[in-house]
Amino acid sequence: MAQLFYSPDLADRLPHNTGKISQKPLRRWQLSPVKIDNKTYYLYVEEETGLPVFTDKLGEGKFSQVAINFLNEMPFLVDPQRTWLMQNVFSFNLYRPIPSAENEKLKNYLQIIARHQAEFKETLNDNDDFSSTEDFNDLVYLLLALSGNDQEVLMQFCQLVNEEHPVKVKAPRPGATIKPQFKDPRIWVDDEGKASADNLATVQAISQNNQQMIDQFIASADGQLMGDDKTARRILDQFLNHFMLKDKICMVTTNLAAPNIFFAGTLDQIDEDLLSATLSNFYIFPPFVKLS
């Protein structure tokens, strides 16, 4: 579970626990009250990534409600990861007062809100009854946009979730009618997470196997549904041999959420429908894996 470090002016309203502070990623949040249009709201900020969450009331119950709704709008995660987040990242087991100024991300957000009161007030006024959990997402997106690094925050958060809680692909489904013409990527499972630059021979072997995988997919009935073989092949090559092997060794079986991260970072380069169809059809390719 996570820890919440709150502004000293909230000390009389929140517990003060003693205990070991976790150093795990995503487990440390900071909290500060903030004024918007002369009304008090509460801004929670994940220390490492700067992911913000707004509420209008104190308490883990309200925070969890808003967080759940925000997670449901994030297309870069899969359901098992959302469940893990609610149990381990958006639930607190330690509360401790700490000056809010100690966290630069929170300090910067408070300054942005103070400078842009008109924009935040307008966002509040756009909702007749600003109380539902959906409404708070508008404040989050506005704050991230004004900070100038909205995509960086969301992508870093999702990347850390992928590292902390990868969702493994299940074994090939029994009774597949098409025999794989490539090796099961799981034979390199012991190399997952190793630096690509330090394991060039392994990276080359995985890349060659990926190419065989792509070749069989493109030639299959599923691959032919793409209509544009050249672009589909380029998408899969970028995904498997560049994105997945860029820094650390990752295979197509490493994490089911990886295509979502790739998808989000490639939208401005490739047609959205073809990108989505290529990745979706590739992941249900008969000799490959069963995702359910």
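For this chain, numbers begin at 1 and follow the sequence in order.
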Once rounded to the nearest 0.5 Å, what's the spacing between atom NZ of Lys194 and atom SG of Cys250? 13.0 Å

Do Asp215 and Gln211 pass the side chain to side chain donor-acceptor pair (under 3.5 Å) test, and can you show the C-alpha distance, the side-chain angles, and the key distance before you say yes or no? CA-CA 6 Å; Asp215 290 342; Gln211 192 57 57; 3.2 Å; yes

Do Trp188 and Phe182 land in one hydrophobic cluster if side-chain heavy atoms of ILVMFWY residues count as linked below 4.5 Å? no

Distance check, rounded to the nearest 0.5 Å: Lys246 atom NZ versus His242 atom NE2? 11.5 Å

Could you tell me whether a side-chain N or O of Ser196 sits under 3.5 Å from a main-chain N or O of Leu245, the two making a donor and an acceptor? yes

Heavy-atom closest contact (Gln23 atom, Arg28 atom, distance): NE2-NH1, 4.0 Å

Worked verdict on Ile235 versus Phe282 for side chain to side chain contact (heavy atoms under 4.5 Å, CB included): CA-CA 11 Å; Ile235 290 171; Phe282 179 70; over 6 Å; no

Let me see the working for Glu192 and Thr254 under side chain to side chain donor-acceptor pair (under 3.5 Å), right down to the final yes or no. CA-CA 8 Å; Glu192 286 183 348; Thr254 299; 3.0 Å; yes

Name all residues meeting the salt bridge (Lys or Arg N to Asp or Glu O under 4.0 Å) criterion together with Lys121; count only those two or more places apart in sequence or in a different chain, and write none if there are none. Asp37

Check Gln216 against Gln181 and note the closest heavy-atom contact, atom names and distance. OE1-N, 2.8 Å

Enter the distance from Asp191:CG to Met251:CE here, rounded to the nearest 0.5 Å. 7.0 Å

Treating Asn88 as the side-chain partner and Trp84 as the backbone partner, does any N or O pair qualify as donor plus acceptor under 3.5 Å? yes

Is there a donor-acceptor pair under 3.5 Å between the side chain of Tyr109 and the backbone N or O of Gly50? yes

Would the distance check show the side chain of Ser91 and the main-chain N or O of Met86 forming a donor-acceptor pair, the cut-off being under 3.5 Å? yes

Between CZ on residue Arg233 and CD on residue Gln238, distance to nearest 0.5 Å: 13.5 Å

Could you tell me whether Arg27 and Glu164 have a side-chain N and a carboxylate O separated by less than 4.0 Å? yes

Point-to-point distance, once rounded to the nearest 0.5 Å, from CG of Asn241 to CD1 of Ile214: 5.5 Å

Step by step, work out the side chain to side chain contact (heavy atoms under 4.5 Å, CB included) result for Thr40 and Lys35. CA-CA 5 Å; Thr40 299; Lys35 290 285 187 180; 2.9 Å; yes

Minimum side-chain heavy-atom gap Phe136-Lys62 below 4.5 Å: yes

Tell me whether the centres of the aromatic rings in Tyr41 and Phe120 are closer together than 6.0 Å. no

Heavy-atom pair with the smallest gap, counting every atom of Asn93 and Gln3: OD1-NE2, 4.0 Å

Compare every heavy atom of Asn103 with every heavy atom of Glu47, then report the nearest pair and how far apart it is. CG-ND2, 3.5 Å

Answer yes if the ring centres of Phe92 and Phe63 are under 6.0 angstrom apart, and no otherwise. yes

Carboxylate-amine/guanidinium contact Arg234 Asp237, below 4.0 Å: no

Look at the side chain of Gln81 and the backbone N and O of His165, then say whether any donor-acceptor pair between them is shorter than 3.5 Å. yes

When hydrophobic residues are tied together by side-chain contacts of less than 4.5 Å, even through go-betweens, does Leu106 share a cluster with Val66? yes

Check whether any side-chain N or O of Asn199 sits under 3.5 Å from a backbone N or O of Thr202 as a donor-acceptor pair, and report yes or no. no

Would Ile187 end up clustered with Ile249 when hydrophobic side chains under 4.5 Å apart are linked, directly or stepwise? yes

Can you confirm whether or not the ring centre of Phe239 sits under 6.0 Å from the ring centre of Phe262? yes

Of the options Val153, Ile112, Asp138, which is the one that meets Leu143 in a side-chain contact (heavy atoms from CB on, under 4.5 Å)? Ile112

Look at the side-chain heavy atoms of Ile, Leu, Val, Met, Phe, Trp and Tyr, link any pair under 4.5 Å apart, and say whether Ile206 and Phe243 land in one connected group. no

Heavy-atom closest contact (Pro33 atom, Ser7 atom, distance): CD-CB, 3.9 Å

Return yes if some donor-acceptor pair links the side-chain N/O of Ser207 with the main-chain N/O of Val203 below 3.5 Å, else return no. no

Would Leu10 and Tyr42 count as a side chain to side chain contact (heavy atoms under 4.5 Å, CB included) here? Give the steps. CA-CA 10 Å; Leu10 298 175; Tyr42 301 94; 4.0 Å; yes

How long is the gap from CD1 on Ile113 to CZ on Phe54, to the nearest 0.5 Å? 4.0 Å

I'd like to know if the side chain of Tyr6 and the backbone of Pro15 have a donor-acceptor N/O pair within less than 3.5 Å. yes

Do Asn209 and Met213 have side chains that approach each other closer than 4.5 Å (heavy atoms only, starting at C-beta)? yes

Indicate, with yes or no, if Leu31 and Leu139 share a hydrophobic cluster defined by side-chain heavy-atom contacts under 4.5 Å among Ile, Leu, Val, Met, Phe, Trp and Tyr. yes

Mind listing the closest non-hydrogen atom pair of Leu26 and Glu46 along with its distance? CA-OE2, 3.3 Å

